[in-house]
Protein chains: 2
Amino acid sequence: MGRPAWLNEEETRAWHAFMAAGALLNRRLDQQLKEGAGISHLQYEILVRLSAAPDRELRMTELADALYNSKSGLTYQITQLEKAGLVHRRSCANDVRAVYACLTDAGQRVLEQAAPGHVALVRELLIDVLTPDQLTAVADGLGAASRRMLGQP
Amino acid sequence: MGRPAWLNEEETRAWHAFMAAGALLNRRLDQQLKEGAGISHLQYEILVRLSAAPDRELRMTELADALYNSKSGLTYQITQLEKAGLVHRRSCANDVRAVYACLTDAGQRVLEQAAPGHVALVRELLIDVLTPDQLTAVADGLGAASRRMLGQP
DNA sequence: AGCTCCTGGTTTGAATTTGAACAAGGCCGG
DNA sequence: CCGGCCTTGTTCAAATTCAAACCAGGAGCT
């Protein structure tokens, strides 16, 4: 390819900012959720997906894909959430292999209680810091990058 | 605050794209570096910082801060890198408590051998996917967000 | 010196993540 | 219906991460 081998100053700035923001933001969100609701950021995301799904339940694999997480990692987390009573497993009638993770009422309550503070923090630390143009650029640019990575696995 | 409680469609798109890109990119980079050079992405970043530092050495704390990583996490990684012969520890004459992590020649070689492929992948998966405007917006916007998070610890 | 508080790194143990191996069902051509 | 092959989810051991507790060593004050 005719691409330059290294990154110029602007590209380096973007790359570093991207990595730094990701690391810092994740740590903050994790901390807040653990203190406030006793769940990790990953667990919060699991609850969000389940809550938004029809019948508040999803197959393990669907969930793993949606979270860009390994299957074994998800098995672990669902087990934890099940112990905490926020989720329960249900096996599928059609396909014996399949397992549905279902959000319990307790899980829904924890989610509803945690969501406002979580969203407020996402806003404060990221969304509201960006100008409208930057917001659009991030959505478009990083959205394209994500799709690209999902496309060529 | 008079801020809306939830995120609108555009904001949600940006937020999801940001999280997805971070997760996917990290996984890819980690994979490539492990296959190609036998080191993790975090270890690669450690080598990069050391290589760029005067005398190719940095204090443990400086390194931990630069990587947005916990001190204990860094202790672990430096121990691993030391076992692999890519880094060695040196205690400071002035302050007995302080420890310098120094890049060895072997470490420098591993870095030089891994860097081109790594940069090429960063380019392919992120940098070259962004338009020039998007690149600037990411650098500015996420840079501002990072500084903000570092400012109010 | 003696005392207290701050700093730099390490240790420790629990929680989590990872990837490979596994068990069991499905799916499909022969 | 059989056999090979793909898919689902779990299990397992090893590697990594995290946070809290822990050692010293400095720094400043009396």
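Please read these numbers as outputs of a predicted model, since none were measured by experiment. Labels below follow one simple rule: chain letters A, B, ... track the order of the sequence lines, proteins then strands, and each chain is numbered from 1.
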Open item on the list: Taking only side-chain N and O atoms of B/Arg89, does any of them lie within less than 4.0 angstrom of OP1 or OP2 on C/dT10?
Closed with: yes

Task: Along DNA chain D (nearest heavy atom to each residue), the more 5'-positioned of B/Ser70 and B/Asn94 - done: B/Ser70

Task: Interatomic distance, B/Leu63 atom CG to B/Lys71 atom NZ [nearest 0.5 angstrom] - done: 13.5 Å

Task: Nearest to side-chain heavy atoms of B/Ser72, which nucleotide of D/dC18, C/dT18, D/dT17 - done: D/dC18

- [ ] Go through the steps for A/Leu58 and A/Tyr100 under the test side-chain contact (heavy atoms from CB on, under 4.5 Å), then give the verdict.
- [x] CA-CA 5 Å; A/Leu58 283 174; A/Tyr100 281 93; 5.6 Å; no

Open item on the list: By the 4.0 Å heavy-atom rule, please label A/Leu74 as base, sugar-phosphate, or nothing.
Closed with: nothing

Open item on the list: Which label fits B/Phe18 and A/Phe18: parallel for a plane angle under 30°, tilted from 30 to 60°, or perpendicular past 60°?
Closed with: perpendicular

Task: Closest nucleotide among D/dT17, D/dT8, C/dG9 to the B/Lys71 side chain - done: C/dG9

- [ ] Tell me what B/Gly73 touches on the nucleic acid: a base, only sugar-phosphate, or nothing, going by heavy atoms under 4.0 Å.
- [x] nothing

Open item on the list: If you go through the side-chain atoms of B/Thr61, does one of them form a donor-acceptor pair with the base of C/dG8 closer than 3.5 Å?
Closed with: no

Task: Side chain of B/Arg27 - closest among D/dG9, C/dT18, C/dG9 - done: C/dT18

Task: Side-chain N,O (A/Arg59) to OP1/OP2 (D/dT7) below 4.0 Å - done: no

Open item on the list: What is the separation between atom OH on A/Tyr44 and atom C1' on C/dT16, rounded to the nearest whole Å?
Closed with: 21 Å

Task: Nearest-nucleotide comparison on DNA chain C, the residue closer to the 5′ end among A/Ser40 and A/Val96 - done: A/Ser40

Task: Under-4.0 Å side-chain N/O to phosphate OP1/OP2 contact, B/Gln80 with D/dA15 - done: no

Open item on the list: For a quick test of reading the model: is some side-chain N or O of B/Gln77 closer than 4.0 Å to OP1 or OP2 of D/dT17?
Closed with: yes

Task: Nearest-nucleotide pick for A/Asp95, side chain only, options being D/dA15, C/dT17, C/dG26 - done: C/dG26

Open item on the list: Exactly one of A/Arg56, A/Glu57, A/Arg89 should register a side chain to side chain contact (heavy atoms under 4.5 Å, CB included) with A/Cys102. Which one does?
Closed with: A/Glu57

Open item on the list: As a test of reading the structure: which of C/dG9, D/dA24, D/dT7 is closest to the side chain of A/Arg97, going by heavy atoms?
Closed with: D/dT7

